[in-house]
**Q** 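One structure, pasted below without further comment.
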Amino acid sequence: MAESYNVREIEAKWQARWESEGLYRVDNDDSRPKAYVLCMYPYPSGAAHQGHVRNYTFGDLIVRYRTMRGEAVLSPFGFDSFGLPAENAAIKTGIHPRIFTDARIEELKESVKKLGAVYDWRREIKSHDPSYIKWSQFIFTKFFEAGLAYKKNAPVNWCPGCQTVLANEQVLADGTCERSGDLVVKRDLEQWFLATTRYADELLSELESLEWPERVKTMQRNWIGKSQGTRFKMQIAGSDGLFLEVFTTRPDTSFGMTYAVIAPEHPLVDLLTSDDYRDEVESFRTEAIDRSEIERQSIEVTTKVKRGVFTGSYAVNPFTNKEVPIYIADYVLMGYGTGAVMAVPGEDQRDYDFAQVYGLPVIRTVQPPDDFEGEAYTGQGTKINSDWLNGMEIDQAKEKATEFLVKAGIGESTVQYRLRDWLVSRQRYWGCPIPIVNCSDCGLVPVPLDQLPVLAPDDVEFLPTGESPLAIHPTFKYTSCPRCGKKAIRETDTMDTFVDSSWYFLRFCDPTADDAPFSKNAVAAWMPVDQYIGGIEHAILHLMYARFFTKALADLGFVPSNIREPFMRLFTQGMIRLGGSKMSKSKGNLVAPQKYFDSVGADSLRLFHLFVGPPADDFDWSDQTDDVIDGCFRFLNRVWRIALGSAESFPGVAIKMHDRETTSADLDMLRLTHRLIAKVSEDYERWSYNTAVAAMMEFTNSLYRYGGAGAQRETFDFAVDTLTKLLAPMAPHVTAEIWERRNGGLVHAEYWPVADPELIKLEKEILVIQVNGKVRDKVEVDPGIDEETAVAIALASPKVQQAIGGKQLKKTIVKLPKMISLVI
RNA sequence: GCCCGGGUGGUGGAAUGGUAGACACGGAGGACUCAAAAUCCUUUGCCCCCAAGGCGUGCGGGUUCGAAUCCCGCCCCGGGUACCA
């Protein structure tokens, strides 16, 4: 690759220009139609990797494209700069997380700029910045005052080695700690929660209104897990008013209940356990609670063996007034429903499995089909063995059974969600401190706004014990109560970093606001985000939390009430894989973009990411990938050469230019140009960048042939300038340089070209003639051809006549002007 | 197990019921050159010496004048999820 345009000089020049020109700085009162285009802000892990490159290439393309379409595009950038890697690095090296993080941010920012991606850097956000921490904490206190943030005892992942709580993601599949390798156990600890379940119904129903990938919506729906069912109470046999409440989605199967099961953590365990069984129950429960949830599941889900123990008590089935034994078993979870179930082995596979192990009876209450060979039957059918429900279909029986329970005053129809409240406490240093003080007189008191932000002290020690440096700091946690002034204890937990990323897109609208997290007007000006772009890995948590925040902040009056969803359109890009796994820093299989910036340039790398396949698809990086990137570079050089005609430095086809009357060749070229505008515009709209690039390559090849044969200057210039504009959002540096040299000014300040509808019409069509569904001939015809003429042409073809072989035509299907199908 | 995706030349991919393989990479051949690089041109799904023709979109059926595309049943690969009563 010797003879080519000067990549480094041109890219550096334009990156500097874009920063100084401010073309992509937008003010909140901009009068153009608004568009908010946002890539998920990154965790700063150092220089950008190919995943970032892909993400920001798509984002930047849209920003530049929509700007050329005359919109005011908000394109901000920021950093999700709190998080565990910086703290782990501190433990390893002793470098303070802030120093570490600031350095990584600079690296990332530099490589993002080298990519040529443009942002309104005036709006930059760092979530570890005190001005951001302040408002994260402010929002937390507002949530606390509204009852949306609360503290409760909860079973958490506890690592005995690290002496700390772990997030689910930090627990490996085998139930051990990712750092120490110790077996993680469940511990009950006082933790902070955000009441996401309060919005469960709205989080579910408003998914409908979003233009998101269907699979992301499905994942969220499953995560919320709404199920309609019935809750009812069963009297404990021989007790004085002791009841066990269960939740079921199948009240119709109640006559088939042969036992009941409660979770090992259920509050009634002690009361229900009779003396004869106490030892067994105790040992089972201790073991079950101590084992991690993951371990409990991995043993039992995979082997289908259910473990449990009889309590010695019986519950009275209100439908039959018969007593059924109550068991404790692992497979019932305290966190869902009432933590207790009626067991119907005839219609529930888990109950069936358990019943097999403990020799419990099975009663079918739905008639399975004759050929049914399974165990539990969960399909449709008629009720049997169910007294007054017999003969009904399942849906009707559900209604009747629930009615019965309601009338008896022991049950009601309810909705259950799988969604749990969000545990936000982290026993970490490098996160946003929870701004609450615990006073022995006043209880939990939020730190008032004028004392925010609560900042973690710098003079802390990072020890590999896993204990939070804040918890062992000599003074941080000792403070006074903001309400009564007495000595009080500060919270030493910090917030889950998903809290920071749940409102950053709002802050971008008003990044310097000093008397509020953001002004309502600024949010009204930009929100919701018109196009959000990021990885599929955030399909559930980040997107769910951000939606929750937006709704809660709207209800608290901070966000305009008409904005209840943050992201109208979401695009999830495919991931880059190398050697079978996702390319990432932690896997150590990165192919750094820098070497491409240094050789073929950012434009070629961007073009490669756009050209290589559909943006939503994963891409496998391979040995041949560099060749493809070189191919993109070759294409840009072809454009450069034909646009600037510098035959002295670039050998190739000599372009012959004429000032002349328009010939049919010129008109053909003009038509091709307008068709390119139409094709590329359409492809930009439907995220089909690979075909847009292909169309431009094809066009460039035509342009070379046209120029080589002798071009009309006017037509040629129009073709080249149009190509330059259409390519400008993809390869911004080289197109900017070409434009400046040819026309002066900024190509990115030009308007997006519009195709002339008259000129995109085809002059000729290829009429395909099929006989019995097989293509037998192709004829060039006028697009306005009438049916009679077309059929005549088809029948006149010797190839067609040969295929027909003199036989009678049974049917003729005509789809003009493309196809005629003859059936014999 | 369940829920999504996906399977097309040597490779990445194109084709929204109507010419399968656009565009590119790689390969082969040629031009230019003392030579090479770069550049340009030709060619490139498989069978067949060529042509004519035939065969071809994971496998087996089906709907249709016509299926990569729609339907049914399998196989394989990738991702998500994990006892949610």
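A, B, ... follow the sequence lines: proteins, then strands. Residue 1 opens every chain. Quantities reported herein were computed from a predicted structural model and do not represent experimental measurements. We use all heavy atoms of the structure for the numbers below, so side chains are in, but hydrogens, waters and symmetry mates are not.
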**Q** Test side chain to side chain contact (heavy atoms under 4.5 Å, CB included) on A:Leu723 and A:Met696 and set out the steps.
**A** CA-CA 7 Å; A:Leu723 177 65; A:Met696 286 190 268; 3.9 Å; yes
**Q** B:C77 P sits how many Å from A:Asp617 CG, rounded?
**A**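 Those two atoms, CG and P, are 19 Å apart.
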**Q** Could you please name the option among B:A82, B:C65, B:A14 that lies closest to any side-chain atom of A:Lys811?
**A**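 Given the options B:A82, B:C65, B:A14, the side chain of A:Lys811 is closest to B:C65.
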**Q** Now, which nucleotide makes the Watson-Crick or G-U wobble pair with B:C40, with each of the two distances under 3.5 Å?
**A**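 Answer to the pairing question: B:G30, which forms a Watson-Crick or G-U pair with B:C40.
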**Q** Both distances under 3.5 Å, Watson-Crick or G-U wobble: report the partner of B:G10, or none.
**A**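 Base-paired to B:C25.
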**Q** Select base, sugar-phosphate, or nothing to describe what A:Arg638 touches, counting heavy atoms under 4.0 Å on all strands.
**A**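 Counting heavy atoms under 4.0 Å across all strands, the contact made by A:Arg638 is with sugar-phosphate only.
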**Q** For the P atoms, the ones on B:A22 and on B:G29, what distance do you get once it is rounded to whole angstrom?
**A**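 Nearest-Å result for B:A22 against B:G29 at atom P: 22 Å.
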**Q** If the P atom of B:A24 is compared with that of B:U42, how far apart are they to the nearest Å?
**A**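 Pairwise P distance, B:A24 against B:U42, rounds to 12 Å.
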**Q** Starting at atom CG of A:Asp683, determine the distance to atom C1' of B:A14, rounded to an integer number of angstrom.
**A**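 From A:Asp683 CG to B:A14 C1': 11 Å.
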**Q** Mind checking A:Arg418 for me? I need base, sugar-phosphate or nothing, with any heavy atom below 4.0 Å counting as a touch.
**A**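 Answer is base: heavy atoms of A:Arg418 come under 4.0 Å of a base.
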**Q** Given B:C25, B:A85, B:C3, identify the nucleotide with an atom nearest to the side chain of A:Val628.
**A**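 It is B:C25.
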**Q** Any side-chain N or O of A:Asn690 under 4.0 Å from OP1/OP2 of B:G12?
**A**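 Answer no for this pair, as no side-chain N or O of A:Asn690 is under 4.0 Å from OP1 or OP2.
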**Q** Expressed in whole Å, how much space separates the C1' atoms belonging to B:A15 and B:G53?
**A**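 The same atom, C1', in both gives a distance of 25 Å.
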**Q** Pick the P atom in B:C59 and in B:C4, then give their distance to the nearest Å.
**A**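 Those two atoms are separated by 24 Å.
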**Q** Is the cationic atom of A:Arg638 (NZ for Lys, CZ for Arg) positioned less than 6.0 Å from the six-membered ring centroid of A:Tyr704 and within 45 degrees of its normal?
**A**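 Relative to the ring axis of A:Tyr704, which defines the angle, A:Arg638 lies inside both limits.
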**Q** Taking it one step at a time, do A:Lys679 and A:Asp683 satisfy salt bridge (Lys or Arg N to Asp or Glu O under 4.0 Å)?
**A** CA-CA 6 Å; A:Lys679 168 73 176 161; A:Asp683 284 353; 3.2 Å; yes
**Q** Provide, to the nearest angstrom, the distance between the NZ atom belonging to A:Lys815 and the P atom belonging to B:U19.
**A**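 My rounded result for the distance is 12 Å.
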**Q** Hey, which of these two, A:Asn772 or A:Thr248, hits RNA chain B nearer its 5' end, going by closest nucleotide?
**A**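 The 5'-side residue here is A:Asn772.
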**Q** Nearest to the side chain of A:Leu333, heavy atoms from C-beta on, is which of B:A85, B:G13, B:C23?
**A**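 Of the candidates, B:A85 comes closest.
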**Q** Where each residue is assigned the nucleotide of RNA chain B containing its nearest heavy atom, which of A:Asn222 and A:Thr249 is assigned the position nearer the 5′ end?
**A**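 Taking each residue's closest nucleotide, the earlier one in sequence belongs to A:Asn222.
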**Q** Counting heavy atoms not belonging to A:Arg671, are there more than 12 under 6.0 Å from its CZ?
**A**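 More than 12 within 6.0 Å, yes.
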**Q** Indicate, with a heavy-atom threshold strictly under 4.0 Å, whether A:Met697 touches base, sugar-phosphate, or nothing.
**A**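 The answer is sugar-phosphate, as A:Met697 gets under 4.0 Å only of primed atoms, P, OP1 or OP2.
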**Q** Who is the Watson-Crick or G-U wobble partner of B:U16, with both distances under 3.5 Å?
**A**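 When the pairing criteria are applied, nothing turns out to pair with B:U16, so the answer is none.
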**Q** I'd like to know whether A:Met257 forms a side chain to side chain contact (heavy atoms under 4.5 Å, CB included) with A:Met234, so could you lay out the CA-CA distance, the side-chain angles of the two residues, the decisive distance to 0.1 Å, and finally the verdict.
**A** CA-CA 12 Å; A:Met257 179 192 336; A:Met234 294 194 286; 3.6 Å; yes
**Q** Flag yes if more than 12 heavy atoms outside A:Gln802 fall under 6.0 Å of its CD atom; otherwise flag no.
**A**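 It does not: A:Gln802 CD has 12 such atoms or fewer within range.
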**Q** B:A24 C1' sits how many Å from A:His609 NE2, rounded?
**A**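 Rounded to whole Å, this separation is 16 Å.
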**Q** Applying a 4.0 Å non-hydrogen cut-off, can you work out what A:Arg686 is touching in the nucleic acid: base, sugar-phosphate, or nothing?
**A**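 Answer is base: heavy atoms of A:Arg686 come under 4.0 Å of a base.
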**Q** Quickly, which of A:Tyr199, A:Phe193, A:Tyr545 forms a ring pair (Phe, Tyr, Trp, His ring centres under 6.0 Å) with A:Trp422? Name it, please.
**A**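 Of A:Tyr199, A:Phe193, A:Tyr545, ring pair (Phe, Tyr, Trp, His ring centres under 6.0 Å) with A:Trp422 is met by A:Tyr545 alone.
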**Q** If you look at every strand shown and take non-hydrogen atoms under 4.0 Å, does A:Ser227 touch a base, only sugar-phosphate, or nothing?
**A**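 Sugar-phosphate: the residue A:Ser227, judged by heavy atoms under 4.0 Å, touches backbone atoms but no base.
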**Q** Roughly how far apart, to the nearest Å, are B:G12 and B:G58 at atom P?
**A**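 Per the computed distance, 14 Å lies between those P atoms.
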**Q** Looking only at side-chain atoms of A:Pro614, point me to the closest of B:G13, B:G26, B:U19.
**A**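 It is B:G13.
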**Q** Quantified in whole Å, what is the P atom distance between nucleotide B:A37 and nucleotide B:G26?
**A**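 Rounded to whole Å, the distance is 13 Å.
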**Q** Is the charged tip of A:Arg418 near the ring of A:Trp223: under 6.0 Å from the six-membered ring centre and within 45° of its axis?
**A**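 Cation-pi check for A:Arg418 and A:Trp223: passes.
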**Q** For B:A67 and B:G78, measure between their P atoms and round to the nearest Å.
**A**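 It comes out at 32 Å once rounded to the nearest Å.
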**Q** By nearest atom, which of the nucleotides B:G13, B:C65, B:C25 is closest to the A:Ile813 side chain?
**A**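 Comparing B:G13, B:C65, B:C25 against the side chain of A:Ile813, the answer is B:C65.
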**Q** Can you see which heavy atom on A:Ser604 is nearest to which on A:Ile629, and at what distance?
**A**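 Closest heavy-atom pair between A:Ser604 and A:Ile629: CB-O, 4.3 Å.
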**Q** Specify the separation, in whole Å, of atom OH of A:Tyr689 and atom P of B:C23.
**A**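 Atom-to-atom, A:Tyr689 to B:C23, this comes out as 23 Å.
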**Q** Under 4.0 Å between any heavy atoms, over every strand shown, what does A:Glu698 touch: base, sugar-phosphate, or nothing? Just pick one.
**A**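 Since only primed, P, OP1 and OP2 atoms lie under 4.0 Å of A:Glu698, the category is sugar-phosphate.
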**Q** When all nucleic acid strands are considered with a 4.0 Å heavy-atom cut-off, which category describes A:Asn701: base, sugar-phosphate, or nothing?
**A**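 Since only primed, P, OP1 and OP2 atoms lie under 4.0 Å of A:Asn701, the category is sugar-phosphate.
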**Q** Rounded to the Å, how far apart are A:Asp627 CG and B:A38 C1'?
**A**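 Atom-to-atom, A:Asp627 to B:A38, this comes out as 16 Å.
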**Q** Check whether any side-chain N or O of A:Arg634 sits under 4.0 Å from OP1 or OP2 of B:C25, and answer yes or no.
**A**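 Indeed, a polar side-chain atom of A:Arg634 lies that close.
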**Q** How would you label the glycosidic angle of B:G9: syn (within 90° of 0) or anti?
**A**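 Here B:G9 takes the syn form, which means its glycosidic angle is within 90° of 0.
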**Q** Please state whether the base of B:G1 and the side chain of A:Gln349 form at least one donor-acceptor pair under 3.5 Å?
**A**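 For A:Gln349, whose side chain was compared with the base of B:G1, there is no donor-acceptor pair (under 3.5 Å).
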**Q** What's the closest nucleotide to the side chain of A:Gln624 if the choices are B:C23, B:G10, B:A85?
**A**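 Shortest atom-to-atom distance from the side chain points to B:G10.
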**Q** Is B:A52 paired to anything, Watson-Crick or G-U wobble with both distances less than 3.5 Å, and if yes, which nucleotide?
**A**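 Base-paired to nothing in any strand shown.
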**Q** Of the nucleotides B:U39, B:A85, B:U16, which has the atom closest to the A:Val341 side chain?
**A**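 The listed nucleotide nearest to A:Val341's side chain is B:A85.
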**Q** Of the options B:C65, B:U19, B:C4, whose atoms approach the side-chain atoms of A:Ile766 most closely?
**A**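 Nearest listed nucleotide: B:U19.
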**Q** Examine the base of B:G18 for any acceptor or donor lying under 3.5 Å from a partner atom in the side chain of A:Lys818, and report the outcome as yes or no.
**A**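 For A:Lys818, whose side chain was compared with the base of B:G18, there is no donor-acceptor pair (under 3.5 Å).
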**Q** Start with the C-alpha distance between A:Val341 and A:Phe247, add both sets of side-chain angles, then the distance that settles side chain to side chain contact (heavy atoms under 4.5 Å, CB included), and finish with yes or no.
**A** CA-CA 6 Å; A:Val341 301; A:Phe247 172 76; over 6 Å; no
**Q** Does B:G5 have a Watson-Crick or wobble partner in any strand here, with both distances under 3.5 angstrom, and which is it?
**A**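 Here B:G5 is engaged in a pair, and the nucleotide opposite it is B:C77.
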**Q** Using the C1' atom in both, what is the distance from B:U64 to B:C71, to the nearest Å?
**A**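 Nearest-Å result for B:U64 against B:C71 at atom C1': 12 Å.
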**Q** So A:Lys774, base contact, sugar-phosphate only, or nothing? Heavy-atom distance under 4.0 Å.
**A**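 Sugar-phosphate contact only - A:Lys774 comes under 4.0 Å of backbone atoms but never of a base.
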**Q** Once you apply a heavy-atom cut-off of 4.0 Å, does A:Arg776 come out as touching a base, just sugar-phosphate, or nothing?
**A**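 Result for A:Arg776 = sugar-phosphate.
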**Q** What is the distance, to the nearest angstrom, from the CG atom on A:Asn637 to the P atom on B:A37?
**A**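 Going from A:Asn637 (CG) to B:A37 (P), I get 18 Å.
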**Q** From the set B:G18, B:A15, B:A24, return the single nucleotide nearest to any side-chain atom of A:Phe611.
**A**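 Comparing B:G18, B:A15, B:A24 against the side chain of A:Phe611, the answer is B:A24.
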**Q** If you check every side-chain atom of A:Asp330, which of B:G12, B:C40, B:C83 has the closest atom?
**A**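 Shortest atom-to-atom distance from the side chain points to B:C83.
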**Q** Under 3.5 Å for both donor-acceptor distances, Watson-Crick or wobble: does B:U64 have a partner, and if so which one?
**A**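 Check on B:U64: unpaired, no WC or wobble geometry under 3.5 Å.
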